[in-house]
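Single-structure report; data block below.
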Amino acid sequence: IYLMAINYCINRINAGKAPFWKEAFEMYNHGLKRQTFLENGILSRFTFMNAITTALKLHEYGWVESFIHEFSPFLEEKHRENFVKFHLARLYFEKKNYDKAMKFLAQSDYSDLLMSLNAKTMLLKMYYELEEYTALDSLLESMRTYLQRKKVMGYHKVLYSNFVNLTRKLAKLSPFDSEGQKKLGNEVRNADPLSTSERQWLLEQLDKIS
């Protein structure tokens with residue numbers, strides 16, 4: 001029942017109904033307190049990740065930190081260390097504590113393709129916001145090569161390629177080029193596929209330089 005309710009919330013969120021983030025968070029919170037999501041003493045790494053994503057959307061940072069420490073022992077051992085470090089990096093990234101976020105990213109070994117790309121995406125954003133443009137250029141080129149080399153990625157290859165290309169254009173954009181800012185803004189809004197969080201971040205950065 002909890003999972004059905006969460007899936008319903010996700011469908012409403014995807015339809016643009018942002019208040020359902022709060023509803024989904026309450027479902028996760030109640031279900032976790034009752035250990036509803038544990039199967040044979042194991043918490044799915046996907047449930048672990050989705051619960052954190054939902055809480056971060058609502059800026060429930062204290063909840064996320066407590067959740068990671070309380071429920072990480074229920075993750076499968078082979079995934080535990082990397083999942084804990086990656087999601088602590090996400091937490092500190094959202095709190096704008098980039099030193100700690102980078103520290104946890106550097107400690108992780110990402111054998112999972114999508115987790116590796118998510119980590120690189122997080123790092124791109126931090127380099128840009130910290131104005132570390134040399135590191136940013138190097139990582140953009142590294143990601144471009146990585147995405148070209150990986151042959152079986154389908155939808156995700158296009159999604160991350162779009163973000164890399166748009167971030168490169170953002171980094172080259174002059175703060176005095178109002179026409180270029182408007183053009184890039186339209187590109188970001190119309191880019192498909194592009195995740196909601198990446199689209200929002202790009203538009204926020206454009207607003208800062210306009």
Notebook entry, point to check: So, do Phe86 and Asn118 sit near enough that their side-chain heavy atoms are less than 4.5 Å apart?
Noted result: yes

Check: Are Met115 and Ile52 connected, step by step, through hydrophobic side chains (Ile, Leu, Val, Met, Phe, Trp, Tyr) whose heavy atoms are closer than 4.5 Å?
Finding: yes

Next item on the list: Over all heavy atoms of both residues, which pair between Leu105 and Ala119 is shortest? Give the atoms and the distance, please.
Entry: CD2-CB, 3.8 Å

Next item on the list: Assess whether side-chain contact (heavy atoms from CB on, under 4.5 Å) is satisfied between Lys22 and Glu60, documenting all intermediate values.
Entry: CA-CA 10 Å; Lys22 181 67 173 176; Glu60 294 279 355; 4.1 Å; yes

Check: More than 12 heavy atoms of other residues, nucleotides or ligands under 6.0 Å from CD of Gln148: is that the case?
Finding: yes

Item checked: Same apolar cluster: Ile6 and Ile13, side chain cutoff 4.5 Å -> yes

Checklist line | Spacing of Glu76 atom CD and Leu43 atom CG [to the nearest 0.5 Å] | finding: 10.0 Å

Notebook entry, point to check: Where do Pro73 and Arg80 come nearest, in terms of heavy atoms and distance?
Noted result: O-NH2, 3.4 Å

Margin query: Is a donor from one side chain sitting under 3.5 angstrom from an acceptor on the other, for Tyr128 and Gln205?
Written below: no

Next item on the list: Measure the spacing between CG of Leu184 and CG of Leu173 and express it to the nearest 0.5 Å.
Entry: 6.0 Å

Notebook entry, point to check: Rounded to the nearest 0.5 Å, how far does CD1 of Ile42 lie from CD of Glu39?
Noted result: 10.0 Å

Checklist line | Arg90 side-chain N/O to Met122 backbone N/O, donor-acceptor pair under 3.5 Å | finding: no

Margin query: Show, in sequence, the C-alpha distance, side-chain angles and deciding distance for Asn7 and Ile10, and conclude whether the side-chain contact (heavy atoms from CB on, under 4.5 Å) test is met.
Written below: CA-CA 5 Å; Asn7 286 336; Ile10 291 170; 4.3 Å; yes

Notebook entry, point to check: Please walk me through it: do Phe163 and Leu124 pass side-chain contact (heavy atoms from CB on, under 4.5 Å)?
Noted result: CA-CA 10 Å; Phe163 180 68; Leu124 277 181; 3.9 Å; yes

Notebook entry, point to check: Closest heavy-atom contact between Leu123 and Met102?
Noted result: CD1-CG, 4.0 Å

Item checked: Over all atoms of both residues, closest heavy-atom pair of Cys9 and Glu23 -> SG-CB, 3.6 Å

Item checked: Short N-O contact, Lys33 and Glu70, less than 4.0 angstrom -> no

Note to self: Leu147 vs Leu117, test: side-chain contact (heavy atoms from CB on, under 4.5 Å). Steps then yes/no.
What the structure shows: CA-CA 9 Å; Leu147 288 164; Leu117 285 168; 4.0 Å; yes

Note to self: Are the side chains of Leu202 and Leu194 in contact, using a 4.5 Å heavy-atom criterion?
What the structure shows: yes

Check: Are Leu32 and Phe46 grouped together when hydrophobic residues (ILVMFWY) are joined by side-chain heavy atoms under 4.5 angstrom apart?
Finding: yes

Note to self: With heavy-atom distances below 4.5 Å as the criterion, would you say the side chains of Asn162 and Glu198 are in contact?
What the structure shows: no

Next item on the list: Check whether any side-chain heavy atom of Asp99 sits under 4.5 Å from a side-chain heavy atom of Asn97, and report yes or no.
Entry: yes

Checklist line | Side chains of Lys157 and Tyr155, donor plus acceptor under 3.5 Å | finding: no

Notebook entry, point to check: Is there a side-chain contact between Met143 and Thr121, using heavy atoms and a 4.5 Å cut-off?
Noted result: yes

Check: Can you find a pair of side-chain heavy atoms, one from Leu56 and one from Thr53, that are under 4.5 Å apart?
Finding: no

Check: With hydrophobic residues grouped by side-chain heavy-atom distances under 4.5 Å, do Val164 and Val158 end up in a single group?
Finding: no

Item checked: From Ser72 atom OG to Glu81 atom CD, the distance as rounded to the nearest 0.5 Å -> 11.0 Å

Check: Taking C-beta and beyond as the side chain, do Met4 and Met27 meet within less than 4.5 Å on heavy atoms?
Finding: no

Margin query: Taking the ring of Phe48 and the ring of His79, is the distance between their centroids below 6.0 Å?
Written below: no

Checklist line | Other residues, nucleotides, ligands: >12 heavy atoms within 6.0 Å of Lys78 NZ | finding: no

Check: Going by the ring-ring contact (aromatic ring centres under 6.0 Å, His included) test, which pairs reach into residues 16-36, not counting sequence neighbours?
Finding: Tyr8-Phe20, Phe25-Trp63, Tyr28-Phe37

Notebook entry, point to check: Cation over ring, Lys125 on Phe93, under 6.0 Å and within 45°?
Noted result: no

Notebook entry, point to check: Any side-chain heavy atom of Glu65 sitting closer than 4.5 Å to one from Tyr92?
Noted result: yes

Margin query: Please find the pair of heavy atoms, one from Gln181 and one from Ser174, that lie closest to each other, and give the distance.
Written below: NE2-O, 3.3 Å

Next item on the list: Drop me the distance from Ile68's CD1 to Leu88's CG, to the nearest 0.5 angstrom.
Entry: 4.0 Å

Item checked: Rounded distance (nearest 0.5 Å) linking atom CG of Asp137 with atom CD of Glu132 -> 12.0 Å

Next item on the list: Quick one: closest heavy-atom pair of Leu139 and Lys120, and the distance?
Entry: CD2-O, 3.7 Å

Item checked: Salt-bridge contact Glu187-Lys183 (side-chain N to carboxylate O under 4.0 Å) -> no

Item checked: Salt-bridge contact Arg144-Glu141 (side-chain N to carboxylate O under 4.0 Å) -> yes

Margin query: Is it the case that atom CD in Glu26 sees more than 12 heavy atoms from other parts of the structure closer than 6.0 Å?
Written below: yes

Next item on the list: Walk me through it: do Tyr98 and Lys96 pass the test side chain to side chain donor-acceptor pair (under 3.5 Å)?
Entry: CA-CA 5 Å; Tyr98 293 160; Lys96 304 294 184 182; 3.3 Å; yes

